[in-house]
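The structure appears right after this line, and notes come after that.
Please read these numbers as outputs of a predicted model, since none were measured by experiment.
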Amino acid sequence: MEFKDNVSELLNTIDACQVFFDVTVNFDLTKNYLDLVVTYTTLMMLLSRIEERKAIIGLYNYAHEMTHGASDREYPRLGQMIVDYENPLKKMMEEFVPHGKSLSDALISLQMVYPRRNLSADQWRNAQLLSLISAPSTMLNPAQSDTMPCEYLSLDCMEKWIVFGFVLCHAVLNTDPAALSLWKLALQSSTCLCLFRDEVFHIHKACEDLFVNIRGYNKRLNDIKECKEQALSQAGTMHRERRKFLRSALKELATVLSDQPGLLGPKALFVFMALSFARDEIIWLLRHADNIQKKSTDDFIDKHVAELIFYMEELRAHIRKYGPVMQRYYVQYLSGFDAVILNELVQNLSVCPEDESIIMSSFVNTMTSLSVKQVEDGDMFDFRGMRLDWFRLQAYTSVSKASLGIADHRELGKMMNTIIFHTKMVDSLVEMLVETSDISIFCFYSRAFEKMFQQCLELPSQSRHSISFPLLCTHFMSCTHELCPEERHHIGDRSLSLCNMFLDEMAKQARNLITDICTEQCTLSDQLLPKHCAKTISQAVNKKSKKLTGKKGEPEREKPGVESMRKNRLLVTNLDKLHTALSELCFSINYVPNMVVWEHTFTPREYLTSHLEIRFTKSIVGMTMYNQATQEIAKPSELLTSVRSYMTVLQSIENYVQIDITRVFNNVLLQQTQHLDSHGEPTITSLYTNWYLETLLRQVSNGHIAYFPAMKAFVNLPTENELTFNAEEYSDISEMRSLSELLGPYGMKFLSESLMWHISSQVAELKKLVVDNVEVLNQMRTSFDKPEQMAALFKKLSSVDSVLKRMTIIGVILSFRSLAQEALRDVLSFHIPFLVSSVEDFKDHIPRETDMKVAMNVYELSSAAGLPCEIDPALVVALSSQKSGHCNNIHCLAKAVNQIAAALFTIHKGSIEDRLKEFLALASSSLLKIGQETDKMTTRNRESVYLLLDMIVQESPFLTMDLLESCFPYVLLRNAYHAVYKQSISSSA
């Protein structure tokens, strides 16, 4: 009510003063007057659209009575206003009859401005609008106009003035052809206008409903119908062509200004005109696409709108970046040119009252006092007072009885409008950007906003402009108002969620493209694996034999690399398309390092980095092709080839986006060396560890696989049930090196710990057997020099075969571990030779008398580097926690005896050397006793057992051959080697 009363009072005062309105002369006064009328009209229309308005004011009055004990004094008037404005435009048409003269004069002053702004794209193109390079000779000349502020005035704003204004003072349409021409042009351009945010006003239907009951308005009704038909049939096409022109015009403007930012000074007007034109077209498209009134929707679907928004953002960025350049230019312009011209105009005025003279003199003095040094010193400029004084001066000089009438001094008005624009270039660039290029209205068209974004991503040529959508989210906070602070959080949250969603979708799209490229590259790398060359060799041999026999062979297989041979440069492969799409999208992701949305900073590159980490992790695990049901898994060498191909593609991403791909590798690959990754998912370390333990080594224990030291590999044995995998292809030196490359020292340590856990479980069972035979073993220990007594005691031992079997299992596991450790040493020696040699030197020179704890630290370091140690630290740790090839793999027993003895005697603080000497004495005594036996069962495999004793001594770092010869004749060993060799020859024959 207060607003309505104040507006009515102000409009009456303006009429009484017979104020002169001309948007080309007293721009600020005319613009604010028309804005007031449109705001008043819009408010009344929005009020009439509230369905429960009567109930709301009734509740308000009831609440007022409860609070203050009496109803609101203005309640009857408020209720009457609600009733009167049921049809707001009809009521306001009656209300504005006395204001018709002032309103129509203000609107008709647009006849030189609005038609010039509402031209077709062809007319713009012919005039080479917004082009800086069309006339190179005038490129440095400042862009000038007699109607400076009108050049970037919003077209949407003018159309609202014209449509609503001439509806309120409709009588002038019948008397003034200029007014009718303006009105019809506005009706032909749009089918709806924005009332507030996403609330629209369908102009043709509303005008028909208003004029249909007015006598003598048949012509106007016909005009409305004609304009509606024209708007429906031609407006969409006209605006589509405008957007097409503006895309190329803004691109040229942005390109020239990025190369020559100094042109922002003289051509600043062009930049703000371009921003305003583009903003108007985008808002028109958004509004009409959501309120389509025709069957064909092609004109309202623009898949290239992202490009237009992108160039707008680029121009905005130029203005923010080179603001000081513009300040320097216009400070000199104001002090060196504008002040002089204004001073001459003031001097030539025939009549100049004292108040007006003081104001204009202050203008001249303010501009004259400016200097470039203020810009260099970073001084803050503030011309708001000067602009407010000019607004006051417009009011003083526009009334009918003014001594100095601005209507008679149009040059003064036009000059001051130009000066005001120049001052804004110095102190109000941010406000100018909001005025000319704010498209925060997208905040209220979320569905259309998201649809445009999806269309942009789907079109490869437009994906490079997809960053414009997250950048638009930075505009949203400018649509908030200080009178409605509670709305800030809602709009702020929406801007954050949309920005986050857009950046996340962009990163996902880039990730998917990268994954597709990686898949293609992995396929190409797979073609180069050694396993594929057999077919090529076979074909070559067959081809030669077929040539000799004269028969035709099978068609020759394509060799790897043929995909790179191009007979035509126009030929585009799928990989080419993927790289092109990726480079376009990465341009967008890399466009800005970060953006601030509602005091939150977003970094687009980090979105891509995080998605790459997640996908790389899943891909590595996926490429193992582990099948728990069939226990199938990829060979380490093949997985390593695929991972390297994947990493090569990821490294190439650094050519497109400034991200640290090494950080991605470190984060992902280091996690893969652990048992579980950061998300609690299994890694390649856990998968391969489980496979080698549960599949390969279990089959070794079952007798299907044997370890061959000469080949340094486990090999399948011929059995009835053939295994689904070839053990040699997973355990030879090249595969173990590949496994070490993949798992790294941490992963190999985990593998060792898992192996040691299995050994410790076998040792636990061995301890039980020792406990069962402890009395017999103690007697044997003291009777090793009494052969008859030893033979009798041996027969008392129980579960001897079980001991042998478990020791063999331990030996197999330790043999596998020695392969893994050797492979790790080879890999580390290649990557960090100096560090490995230092560790090796440190291990080799540790004194014998060193404290065992210190020695164990050295051994642990050495073991982590893959170096063999006298005492296995992993085994010591595994066993200390228990304080609570021959086809039968018997040759692995030597390694088991040595490693287990060293570990156990270390734990129990015994002398390893002394205990092993004692073991050697007992063993040699027992074996010499076997040599004297005549029973065939007792002497079975006697020579092999002799050789096993020799292997134990050779494996041990604590026993020597001299020590063996002192208690066991070497001639027996020589004969044993000869006998075993003859036996192997006869069995193979």
Side-chain angles (χ1 to χ4, degrees), residues 1-17 19 31-104 106-107 157 160-173 192-203 205-214 217 444 481-487:
M1 282 300 298
E2 289 181 11
F3 176 74
K4 180 180 181 301
D5 293 343
N6 286 320
V7 169
S8 299
E9 184 182 347
L10 182 57
L11 292 174
N12 290 328
T13 304
I14 289 170
D15 291 336
C17 295
V19 176
K31 179 182 182 297
N32 281 277
Y33 173 71
L34 292 172
D35 280 342
L36 176 69
V37 172
V38 168
T39 303
Y40 177 49
T41 308
T42 301
L43 186 63
M44 291 305 170
M45 291 179 70
L46 288 172
L47 182 63
S48 70
R49 292 189 178 190
I50 301 172
E51 293 182 1
E52 305 296 333
R53 55 189 179 278
K54 292 180 181 177
I56 291 170
I57 63 166
L59 287 170
Y60 162 73
N61 188 54
Y62 182 67
H64 193 280
E65 277 189 11
M66 291 183 67
T67 308
H68 300 95
S71 62
D72 190 344
R73 288 182 306 160
E74 298 295 330
Y75 176 66
R77 285 186 62 221
L78 183 62
Q80 187 60 44
M81 186 188 79
I82 294 294
V83 174
D84 291 345
Y85 284 86
E86 286 286 342
N87 189 340
L89 282 177
K90 186 175 181 182
K91 174 66 177 174
M92 293 181 72
M93 284 165 65
E94 299 170 4
E95 188 180 326
F96 266 79
V97 170
H99 312 312
K101 176 71 169 63
S102 297
L103 183 55
S104 61
L107 292 171
C157 180
K160 281 200 281 191
W161 291 348
I162 292 166
V163 172
F164 288 129
F166 282 125
V167 164
L168 298 180
C169 59
H170 53 87
V172 74
L173 296 174
C192 59
L193 290 175
C194 171
L195 283 180
F196 181 69
R197 293 177 176 171
D198 56 343
E199 286 286 330
V200 297
F201 171 70
H202 295 281
I203 51 182
K205 186 178 185 306
C207 290
E208 279 186 53
D209 293 343
L210 288 169
F211 290 170
V212 71
N213 296 321
I214 302 177
Y217 269 60
F444 309 101
H481 198 280
E482 57 187 9
L483 294 179
C484 189
E486 61 271 16
E487 195 179 43

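Side-chain contact check for M93 versus V167: some heavy-atom pair is nearer than 4.5 Å. Side-chain contact between C169 and L107 is present, with heavy atoms from C-beta onward closer than 4.5 Å. Side-chain contact check for I214 versus F211: some heavy-atom pair is nearer than 4.5 Å. Looking only at side-chain heavy atoms (C-beta outward), M45 and T41 come within less than 4.5 Å of each other. Counting heavy atoms from C-beta on, the side chains of L103 and V172 never come closer than 4.5 Å. Residues P88 and K91 form no side-chain contact, since every pair of their non-hydrogen atoms from C-beta on lies 4.5 Å or further apart. Taking 4.5 Å as the limit, some side-chain heavy atom of K4 sits within range of a side-chain heavy atom of M44. Residues S102 and Y33 have side chains in contact (heavy-atom distance under 4.5 Å, counting atoms from C-beta outward).
Taken to the nearest 0.5 Å, the OH atom of Y60 stands 13.5 Å off from the CD1 atom of I56. With rounding to the nearest 0.5 angstrom, the CG atom of D5 is 9.0 Å from the CE atom of M81. Residue M1 holds its CE atom at 9.5 Å from CD1 of I82, rounded to the nearest 0.5 Å. Here the straight-line distance linking atom NE2 of H99 with atom CG of L10 works out to 9.5 Å at 0.5 Å rounding. With rounding to the nearest 0.5 Å, the separation of CG in L195 from CG in L43 is 10.5 Å. With rounding to the nearest 0.5 angstrom, the CG atom of N61 is 7.0 Å from the CG atom of D72.
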*asked:* Applying side chain to side chain contact (heavy atoms under 4.5 Å, CB included) to L11 and V7, what does each step give before you reach the verdict?
replied: CA-CA 6 Å; L11 292 174; V7 169; 3.8 Å; yes

*Check the pair Y75, H64 against side chain to side chain contact (heavy atoms under 4.5 Å, CB included), reporting the backbone distance first and the verdict last.*
CA-CA 10 Å; Y75 176 66; H64 193 280; over 6 Å; no

*asked:* Determine whether W161 and V37 satisfy the following criterion, side chain to side chain contact (heavy atoms under 4.5 Å, CB included), listing intermediate values before the conclusion.
replied: CA-CA 8 Å; W161 291 348; V37 172; over 6 Å; no

_Between T42 and E199, does the side chain to side chain contact (heavy atoms under 4.5 Å, CB included) criterion hold? Intermediate values first, please._
CA-CA 10 Å; T42 301; E199 286 286 330; over 6 Å; no

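Checking side-chain atoms of R53 against main-chain N and O of S48 turns up a donor-acceptor pair under 3.5 Å. Counting only distance, with no hydrogens or angles, the side chain of S104 and the backbone of K101 share a donor-acceptor pair below 3.5 Å. Here the side chain of H68 pairs no donor or acceptor atom with the backbone of A70 at under 3.5 angstrom.
Checking Y85 against E95 by side-chain atom types alone, a donor-acceptor pair falls below 3.5 Å.
Salt bridge annotation for K54-E86: present, with a cationic side-chain nitrogen under 4.0 angstrom from a carboxylate oxygen. Salt-bridge check for E2 with R77: failed, with every basic side-chain N at 4.0 Å or more from each acidic carboxylate O.
The two residues V200 and C192 make their nearest non-hydrogen contact at CB-CB, 4.3 Å. For the pair C157 and D35, the tightest heavy-atom approach, listed with the atom from each and the gap, is SG-OD1, 3.9 Å.
In summary, the aromatic rings of F201 and F164 are positioned with their centroids under 6.0 Å apart.
Residue-environment remark: CD (E52) stays at or below the threshold of 12 foreign heavy atoms within 6.0 Å.
Residues forming a side-chain hydrogen bond (donor to acceptor under 3.5 Å, both in side chains) with Y217 (at least two apart in sequence, or on another chain): H170, N174. Here K205 pairs with D209 under the side chain to side chain contact (heavy atoms under 4.5 Å, CB included) rule; sequence neighbours left out.
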